[in-house]
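Each residue takes its place number in the sequence, starting with 1.
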Amino acid sequence: AALRRNPEWLLLRAPRRAVSLVAPTRTATAPRCTGAGARMLTALSRALALAQAALAASALEVDVEKYGAAADGRTFSGTGVNAAIAAVAAAGGGTVHMRGGGAYVTGGIELRSHVVLDIAQNSSVRGSSMPEHWTRTDADLTIPPECDGPNAMMPGERSFPRVISPGPRGGLFWANLAKNFTIRGGPPDTPLGFGAVVDGAGQWFNHDFGNRSNMFTFVQCEDVTVSDLTVRNSSAWTLVPIFSTRVRFLRLHISGEAAH
């Protein structure tokens, strides 16, 4: 205390010999983060991971035409679109463009991690009217083990089926165990109803109850954005996120007598 009040005291009182002042050694311990601090670090880590994934995704851009798709309203383009998405995902991520200026006829389109599916406003995705163009995907859509079990409301039944069906024909857009992917039909300032059109073929299958298709089915997915689309004619449920986190549906215009 005297030293703090009078710094000269040490000089006045110091003996006539060398004095070594050594700070005591202490072991440094990293502070432990709990509560809000831990949550903030987790959020920052997630944001950093997403930023890194976005940076990687921006490195590769392909057009679906490279894989055989055609925006002519006649050619079945589902195989080409899925091949383009799979190739970009295998390369670490990127953007798949559907910008041919017409209608791409497809069956189910599988989204994969770190891929942006960019549908130009002058283009559209049209669900095929041909049953053979659709592939059932329910065998691939599983549920988390911790969510399986007996149904307390219905003895003898399970809480959920062991697989999640996106509809007997499969979903028009679907994903399972994927993360950080986007489907967009225009920039964020696109007026509502002017985004790219995606048509779920409800006009063909809505009255065929055993063979309908959901529109957007995402199972156990993370960090998903679907934005700026004009959604028409889902033949069953339209927006179906299941056991998924941080899924955003933004600026969607949904219409059609078959839409749910």
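The two residues Ala83 and Tyr67 have their closest heavy-atom pair at CB-CD2, 4.0 Å. The nearest pair of heavy atoms linking Ala89 to Ser113 is CB-O, 4.1 Å. Here the shortest heavy-atom pairing between Gly100 and Ser123 reads N-OG, 3.4 Å. Between Ala71 and Gly101 the shortest heavy-atom distance is CB-N, 4.4 Å. Closest approach of Leu60 and Gly93 over heavy atoms only: CB-O, 3.7 Å. Heavy atoms only, all atoms of each residue included: Ala120 and Ala196 are closest at O-CB, 3.3 Å.
Ser234 contributes atom OG, which lies 9.5 Å from atom CG of Asp199 (distance to the nearest 0.5 angstrom). Ser77 contributes atom OG, which lies 7.5 Å from atom CD of Glu65 (distance to the nearest 0.5 angstrom). Interatomic distance, Asn214 CG to Thr238 OG1, rounded to the nearest 0.5 Å: 8.0 Å. Within the model, atoms CZ of Arg251 and CG of Asp228 stand 4.0 Å from one another, a figure rounded to the nearest 0.5 Å. A distance of 11.5 Å separates CD1 of Ile85 from OG1 of Thr95, quoted to the nearest 0.5 Å. To the nearest 0.5 Å, the span separating OG1 on Thr106 from CE on Met98 amounts to 6.5 Å.
Ring geometry for Phe216 against Phe173 counts as parallel: the plane angle stays under 30°, on a 0 to 90° scale with 60° as the upper cut.
Residues Leu172 and Val224 share a single hydrophobic cluster, defined by chaining ILVMFWY side chains whose heavy atoms lie under 4.5 Å apart. Phe76 is not connected to Val96 by any chain of hydrophobic side-chain contacts under 4.5 Å among Ile, Leu, Val, Met, Phe, Trp and Tyr, and they are in different clusters. Criterion: ILVMFWY side-chain heavy atoms under 4.5 Å apart, direct or through other members. Under it, Leu252 and Val197 are not part of a common hydrophobic cluster. No path of Ile, Leu, Val, Met, Phe, Trp and Tyr side chains, each step under 4.5 Å between heavy atoms, connects Val105 with Val125, placing them in separate hydrophobic clusters.
Remark: Gln121 engages no residue in a side chain to side chain donor-acceptor pair (under 3.5 Å) (not counting sequence neighbours). Applying the side chain to side chain donor-acceptor pair (under 3.5 Å) test to Thr225 and every residue at least two apart in sequence or in another chain returns Arg248.
For the pair Val226 and Leu250, the minimum side-chain heavy-atom distance is 4.5 Å or more. Side-chain atoms of Leu239 and Ile254, non-hydrogen and from C-beta on, do get closer than 4.5 Å to each other. In this structure, Met215 and Val198 have side chains that are in contact, with non-hydrogen atoms separated by less than 4.5 Å.
Trp134 contributes a side-chain N or O that, together with a main-chain N or O of Ser128, makes up a donor-acceptor pair within less than 3.5 Å. With Thr190 contributing its side chain and Pro188 its backbone, the two residues share no donor-acceptor pair below 3.5 Å. A donor-acceptor pair under 3.5 Å links the side-chain atoms of Ser244 to the main chain of Gln220, judged by distance alone. In this structure, the side chain of Asp72 does not engage the main chain of Gly102 through any donor-acceptor pair within 3.5 Å. Remark: side-chain polar atoms of Thr245 are not paired, donor with acceptor, to backbone N or O of Glu222 under 3.5 angstrom.
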side-chain hydrogen bond (donor to acceptor under 3.5 Å, both in side chains) assessment of His97 paired with Asp63
CA-CA 5 Å; His97 291 286; Asp63 288 273; 5.4 Å; no

Report the C-alpha distance between Leu117 and Leu111 in whole Å, list the side-chain angles of each, state the deciding distance to 0.1 Å, and finish with yes or no for side chain to side chain contact (heavy atoms under 4.5 Å, CB included).
CA-CA 8 Å; Leu117 181 62; Leu111 280 301; 4.1 Å; yes

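A salt bridge does not link Asp118 with Arg99: none of the charged nitrogens is closer than 4.0 Å to a carboxylate oxygen. Using a cutoff of 4.0 Å between basic side-chain nitrogens and carboxylate oxygens, Lys179 and Asp223 are not scored as salt-bridged.
For residues 178-202, the ring-ring contact (aromatic ring centres under 6.0 Å, His included) pairs, not counting sequence neighbours, are Phe181-Phe218.
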